[in-house]
Amino acid sequence: MKITPAHDPNDYDIALRHNLESVTVIDHDAKMTGPVQEKFIGLNRFECREEVIEDLKKLNLIEKEENYIHNVGHCHRCETMIEPDISKQWFLKTSEIAEPAIEVVEKNKVVFIPDKWKKVYFNWMFNIKDWCISRQLWWGHRIPAYYCSKCGEIMVEEERPEKCSNCMSTEISQDEDVLDTWFSSALWPFSTLGWNVNSEDFKTYYPTSIMATGFDIIFFWVARMIMIGVHFTGEVPFREVLINGLIRDGKGQKMSKTKNNAVDPLDVIDKFGSDALRFTLAIQAVPGMDISFSMNRIKGYKTFANKIWNASRYVIMNLRGDEDFNIDFEKTTVTDKWILNFLNNIIEKVNDLMDNYRTNEAADLIYHFFWHEYCDWYLEFAKNDIDNIDTRKVLKFTLFRLLQLLHPFMPFITEEIYQTIKIDEDFLIQTKFPSFSSKMVFIEEYKDIELLKKIIMETRKTRTENRIDPNKKIDIYLKSESEKERKIISNLLIYFDFLTKSIKTEIKDDFSNLPKGFRGICLGWEILLPFSNNGDRLEELKRLKKEFDKVKNQIKKLGENLSNKDFVSKAPESIVSNFKKNLQIFIDKKEKIQKTISDLS
RNA sequence: GGGCGGUUAGCUCAGCUGGUAGAGCAUCGGUUUUACACGCCGGUGGCCAGAGGUUCAAGUCCUCUACCGCCCA
């Protein structure tokens, strides 16, 4: 049997078990050395193999040759085949410093986010091995070990000793090796704050609040920093470890140079902008989950940046220079109050989400609010009230708040826009991040405008689906049995007419004696677009029949639940009453659709 | 071999403590209206991998199966 404990890990283990000697026969240039036959010495390893085979053949000791697959290590840079070698290295004994490091995580002095990564940490810490901390590299912290060249004494000291502590010789040399990169990384607090743990800096900034990193670094850095930090200071180096996912390619593969599937961020930034890239990653970064890189999504969020730019441009164009943030709520409109209340809600939610590191949901929320509430609705509403200074104040104030909310996700475009609307602080980042304000609570106005939006949407839908010329100004009748709601909507008709292209809208409590027409139904309201507006009756019939089936289905579902004794007795009161309310709404709707169908037929 | 994660609209992915499914892109119809056609208005599209279980109620909790991926040995 051939065995080379000095040049193969498996053989090394066998040698340990059987008390065999490890004999070095390959030197650092991969040439043969040591106690081998004279003629082999100096040959490189590949030549030597051939020679050995030849010799064995001569001795008639080769039974057969065959190819098989095995694993051989290669240098990751130059691909050179690696030959394992035995050498003297410095090791850190980990058993003692690992225990306190396990304890601080068990006692939640260090918290992993998401929590599941704690298991990965424990798994590694419970199976920890002594840590080889010396490396044969040029760069790094040099190991503070000194050798006496006379007597061979080893001295580990902070400062280079003048004399050998054993024989007093002055011929002293320092170890050539440097510390493992991760050992140096573990020393980060000391490198940055100084080596005196009683210093002011140390007392102020240690421990730090959070360590953000990838899961693959839990072993390399997080665990080591905790061990070293706890050992030298008795205190954890950070309170929280936020684990983010890795960015993978479109197929979910880890990006790597050898696979050639890596993406250069600078190329992406050239194409879509750094804000778009940053926002895309932020909105896709579900805590602890990997991200599949998708160019299409970045492209989508580039258009968002464009939208922000244009909306801001519009707002700035309409400002008259006299807008500060002292808004007189007595003089603001219902729609102003609606957007302020909405904004206030978003601010509250975003703060909550950010506190819980659910940044992806925060980004999504802001995105939707900016585009589909502020732009789609509020900017349109405000066009009617642009001469009202307090509306312009709200317009500017809301934009400012949105820039603040967006700033962590899109720092460049938001800062650029801020520069043109700023009031006091020089830079956006200096302003105080928004928080919920009890002064901006306008529940009633919020509800009123939400109702108005629904009616407008239903009207548009009815219009479009019946092929009424989109540019044609038409007459519209609205009906509700609720006097309160009729009053609310009649006060908001100016917005309604503008956004539905209505010449004249009449609000009724009854539709009899009116011309026949296309109908829409929503939230107890009915919309009537007279046939005189033209349109396609057959399309309408088709649409209504489809909707009729939908409603019937929903009534069936809700009815099933409500006739279930268990549901009624066990489900919470609020759910049951909600179901009942919805059932009534759908029943009403069904009747109205039936009426409309008969009108049309 | 051990551990972890994924399987939701054509594609890439959200969906917190269980209460009748969302985004971006794509697609279809309409629209060049004085912030934006990188736009606006409207629509289509999903028995939430499969099977069982818990529950009045499951994309959401539990078990198993299949496939995909990652980490450790």
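Here the structure is a predicted model, which is why all the values come from computation and not from measurement. Lettering of chains follows the sequences in order, A, B, ..., and the numbering in each one begins at 1.
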Which residue pairs satisfy the side-chain hydrogen bond (donor to acceptor under 3.5 Å, both in side chains) criterion with at least one member in residues 265-284 of chain A, sequence neighbours excluded?
-> none
Pull out every residue in residues 375-384 of chain A that has a heavy atom closer than 4.0 Å to any atom of RNA chain B, ordered by number, or say none.
-> A/C375, A/D376, A/L379, A/E380, A/K383
From the options B/G42, B/A35, B/U33, select the nucleotide whose nearest atom is closest to the side chain of A/M317.
-> B/A35
Please list, for nucleotides 4-9 of chain B, all pairs of protein and nucleotide N/O atoms separated by less than 3.5 Å.
unit_1, atom_1, unit_2, atom_2, d
B/C4, OP1, A/K119, NZ, 3.2

Show the distances under 3.5 angstrom between N or O atoms of the protein and N or O atoms of nucleotides 23-25 of chain B.
none

Kindly state whether the ring of A/F325 and the ring of A/F400 have centres lying under 6.0 angstrom apart.
-> yes
Pi-cation contact, A/F91 with A/K129 (under 6.0 Å, within 45°) | no
Among the nucleotides B/G42, B/U12, B/A35, which one has an atom lying closest to any side-chain atom of A/M457?
-> B/G42
Taking the side chain from A/E323 and the backbone from A/R320, do they hold a donor-acceptor pair closer than 3.5 Å?
-> yes
Output a table of nitrogen or oxygen pairs between the protein and nucleotides 27-32 of chain B separated by less than 3.5 Å.
none

Just need the stems in RNA chain B: three or more back-to-back Watson-Crick or G-U pairs, each with both distances under 3.5 angstrom, sorted by first number.
-> B:1-7 with B:66-72, B:10-13 with B:22-25, B:27-31 with B:39-43, B:49-53 with B:61-65
Paired with A/F112, the ring-ring contact (aromatic ring centres under 6.0 Å, His included) test is passed by just one of A/W117, A/Y121, A/Y357, namely A/Y121
